[in-house]
Amino acid sequence: MVCCNVMISSLAQQGRLDDARAVFDRLPANDRDVVSWTALFHAYAVNDRLEEAAFVFFRDMPDKNLVSWNAMAAAYARAGHTAEARAILDQMPGHNVVSLTLMFHIAVQGGRLEQARSLFDDMTLGKDLVAWNAMIGAYAQNGQATEALLLYRDMHVQGMDPDDVTMSSILAAYSRLGRVEAGREHFVSMPVDHGIKPVEEHYACMVDVLGRAGELVAAEELLATFPFHPS
RNA sequence: AUACGUUA
């Protein structure tokens, strides 16, 4: 049964919604647990079939847990249906750090960065890496690149290790600030200081740093050094 | 690797 649930979600990721549904249907009713149901409606949601996801969630699922509530709220939030997302978050029996990150995300979507910051600051119980990344990314993309860098420092001070997502936001912040040298320094120190090898996305960010500063030749040179790896 | 939140 566990393996069927895995199949449902991985088929959904590949966009093979019908196959995911078939695996679910083949599962005996007694073997369908809350994870199977959540994987099923999430499959609809990530394939832009929000209505059907909602039907499964509200009408078909026998039981819900924190993860399924979060997943439904996230589906609405992703689709830009913030009112529905909010409603789910208000109705659900409890919240965890994922729910709070969703609320955070809705606030950012609405341009309420101060409110988002308050939500972030109040996450005292379990401010995890995703939450940090969300806050740093929100600043980096909303004209507060300096705040993003300050928060990155805080993150360090609090002993939270950054990941590849963090790095993209930091490079984006340097880009917006036009800080070419700092950006370059960060880019080369990523693998040494944090064990994070730059991937395509980081190269793209770095090209942006150089491009915005008008260093087009350097940008081209960087692209030429990009180590291709087929997948 | 059983389902949820973060980065053009």
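A note on names: the letters A, B, ... follow the listed sequences, proteins ahead of strands, and every chain is numbered from 1. The shown structure was predicted, so the numbers you read here are calculated from the model rather than taken from an experiment.
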Open item on the list: Could you check whether A/Arg21 and A/Tyr44, counting side-chain N and O atoms only, form a donor-acceptor pair closer than 3.5 Å?
Closed with: yes
Open item on the list: Is it the case that the side chains of A/Arg117 and A/Tyr139 hold a donor-acceptor pair, with the cut-off being a distance below 3.5 Å and no angle test?
Closed with: yes
Rounded distance (Å) that lies between atom [atom2] of [N] and atom [atom1] of [X]:
X	N	atom1	atom2	value
A/Ile196	B/U7	CD1	C1'	12 Å
A/Tyr152	B/U6	OH	P	21 Å
A/His105	B/U7	NE2	C1'	10 Å
A/Gln109	B/G5	CD	P	13 Å
A/Trp132	B/G5	CH2	C1'	17 Å
A/Leu113	B/U6	CG	C1'	14 Å
A/Asn133	B/U7	CG	C1'	7 Å
A/Leu100	B/U6	CG	P	14 Å

Open item on the list: Counting the atoms with a prime plus P, OP1 and OP2 as sugar-phosphate, which does A/Asp164 contact under 4.0 Å by heavy atoms, base, sugar-phosphate, or nothing?
Closed with: nothing
Open item on the list: Using a heavy-atom cut-off of 4.0 Å across all strands, would you classify A/Cys205 as base, sugar-phosphate, or nothing?
Closed with: base
From the options [options], select the nucleotide whose nearest atom is closest to the side chain of [X].
X	options	answer
A/Glu201	B/A3, B/U7, B/G5	B/U7
A/His42	B/G5, B/U7, B/U2	B/G5
A/Val130	B/A3, B/U6, B/U7	B/U6

- [ ] Give a yes or no on whether a donor-acceptor pair under 3.5 Å exists between the nucleobase atoms of B/G5, that is its base, and the side chain of A/Asn96.
- [x] no
Open item on the list: Angle between ring planes, A/Phe226 versus A/Tyr203, binned at 30° and 60°: parallel, tilted or perpendicular?
Closed with: perpendicular
- [ ] Could you tell me how the ring of A/Trp69 sits relative to the ring of A/Phe57: parallel (under 30°), tilted (30 to 60°) or perpendicular (over 60°)?
- [x] perpendicular
Open item on the list: Let's see if you get this right: which residues in residues 52-75 of chain A place a heavy atom under 4.0 Å from RNA chain B?
Closed with: A/Asn65, A/Val67, A/Asn70, A/Ala71, A/Ala74
Task: Residues that A/Gln14 engages under side-chain hydrogen bond (donor to acceptor under 3.5 Å, both in side chains), provided they are two or more places apart - done: A/Arg16
Open item on the list: Whether A/Arg78 contacts B/G5 is assessed here as follows: a side-chain N or O lying under 4.0 Å from the phosphate OP1 or OP2. Is that the case?
Closed with: yes
Task: Interatomic spacing from CE in A/Met7 to CG in A/Asp19 - rounded to 0.5 Å - done: 8.0 Å
TODO: Drop me the distance from A/Glu220's CD to A/Thr225's OG1, to the nearest 0.5 angstrom.
DONE: 12.0 Å
